[in-house]
Amino acid sequence: MNAAQKPFGWGDDVRDYIRTIPDFPKPGIQFRDVMPLFGHPRGLRAAVDRLVQPFAGLRIQHVAGLEARGFIIGGACAHQLSAGFLAMRKQGKLPGPRLAQSYALEYGEAVLEVHDDAVEAGEQVLIVDDLLATGGTAEAAVKLIERLGGEVVGAAFVVDLPDLGGRARLERMGVAVHTLCAYAGD
Ligand SMILES: O=P(O)(O)OC[C@H]1O[C@H](OP(=O)(O)OP(=O)(O)O)[C@H](O)[C@@H]1O
Ligand SMILES: Nc1ncnc2[nH]cnc12
């Protein structure tokens with residue numbers, strides 16, 4: 001039985017539906033693949049419900065999803081919170097006037113961009129992504145939202161890799177971090 005066929009119960013650990021692929025995309029990286037969780041009918045529902053739970057009842061105007069897997073789970077969370085969806089895109093994808101922020105990844109470097117009219121001053125934004133590693137991507141998202149005048153109410157991730165320091169890095173910036181599971185020590 002593969003993960004998509006196994007029934008998902010409310011008490012289940014989301015890790016049972018996340019696959020680890022060694023040495024992807026580079027030797028030494030343990031790639032935590034959330035797609036079996038997102039591909040499971042009740043797994044996706046459980047992930048969304050658990051991610052938005054601490055933020056339900058807040059006045060959130062936008063969920064900012066980080067390209068690319070953050071678009072899947074962030075779009076679903078935006079719908080659940082009756083918020084708009086804000087696309088934080090990799091460089092070169094946005095057609096209109098935009099702000100850019102460069103950052104370092106666990107395995108490379110990149111630039112995140114957002115349209116310069118995507119957030120009104122004072123609007124509250126929740127950041128959502130599949131995984132928090134070094135926190136470089138999420139830190140770039142926080143900086144872009146704040147440069148636009150928005151307020152980051154929190155950042156929610158399915159997976160935390162605490163050994164890579166992302167949670168501590170975001171918390172040092174004053175961001176409330178919510179994660180559903182962690183992989184540490186390997
Ligand atoms: O905390 P960090 O060290 O910044 O790493 C986390 C980011 O890395 C992955 O995205 P990736 O850049 O691989 O893009 P993808 O979703 O397009 O595959 C993941 O989806 C996060 O966005
Ligand atoms: N170990 C990892 N698994 C999946 N996505 C990642 N993004 C950064 N590090 C990752």
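Counting starts at 1 for both ligands and their atoms, following the listed order.
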If you measure from the Lys or Arg side-chain nitrogens to the Asp or Glu carboxylate oxygens, is any gap between D116 and R98 under 4.0 Å? no
Any N or O of D130 closer than 3.5 Å to N or O of ligand 2: no
What atoms of ligand 1 come closer than 4.0 angstrom to any heavy atom of D129? 20 (O), 21 (C), 22 (O)
Is the backbone of G185 close enough, under 3.5 Å, to the side chain of D163 for a donor and an acceptor to pair up by distance? yes
List ligand 2 atoms under 4.0 Å from Q30, heavy atoms only on the residue side. 1 (N), 2 (C), 3 (N)
What atoms in ligand 2 come closer than 4.0 Å to a heavy atom of L131? 3 (N), 4 (C), 5 (N), 6 (C), 7 (N), 8 (C), 9 (N), 10 (C)
I'd like to know if L131 contacts ligand 1, where contact means a heavy-atom distance under 4.0 Å to any ligand atom. yes
Nearest heavy atom to atom 3 (O) of ligand 1 wins, so pick from V34, T134, L132. T134
Which pairs, with at least one residue in residues 63-101 and sequence neighbours excluded, count as a ring-ring contact (aromatic ring centres under 6.0 Å, His included)? F71-F85
E151 and Q124: side-chain hydrogen bond (donor to acceptor under 3.5 Å, both in side chains), yes or no, with the steps? CA-CA 5 Å; E151 290 173 19; Q124 303 213 304; 3.3 Å; yes
For K90 and ligand 1, answer yes if some heavy atom of the residue is under 4.0 Å from a ligand atom, otherwise no. yes
Salt bridge or not for R89 and E67, using N-O below 4.0 Å? yes
Heteroatom distance test (T137, ligand 1): nitrogen or oxygen, under 3.5 angstrom: yes
By the definition side chain to side chain contact (heavy atoms under 4.5 Å, CB included), identify the one residue from I60, L86, V152, L58 that meets it with L126. I60
Could you establish whether A138 and ligand 1 come within less than 4.0 Å of each other, counting only heavy atoms on the residue side? no
Which pairs count as ring-ring contact (aromatic ring centres under 6.0 Å, His included) when at least one residue sits in residues 152-184, sequence neighbours excluded? none
Please indicate whether any nitrogen or oxygen in L66 is less than 3.5 Å from any nitrogen or oxygen in ligand 1. no
Winner among G166, G135, G165, P25 once heavy atoms are compared against atom 1 (O) of ligand 1: G135
Given that the side chain starts at C-beta and the backbone is N, CA, C, O, which of these parts of L161 lies under 4.0 Å from ligand 2, counting heavy atoms, or is it both or neither? side chain
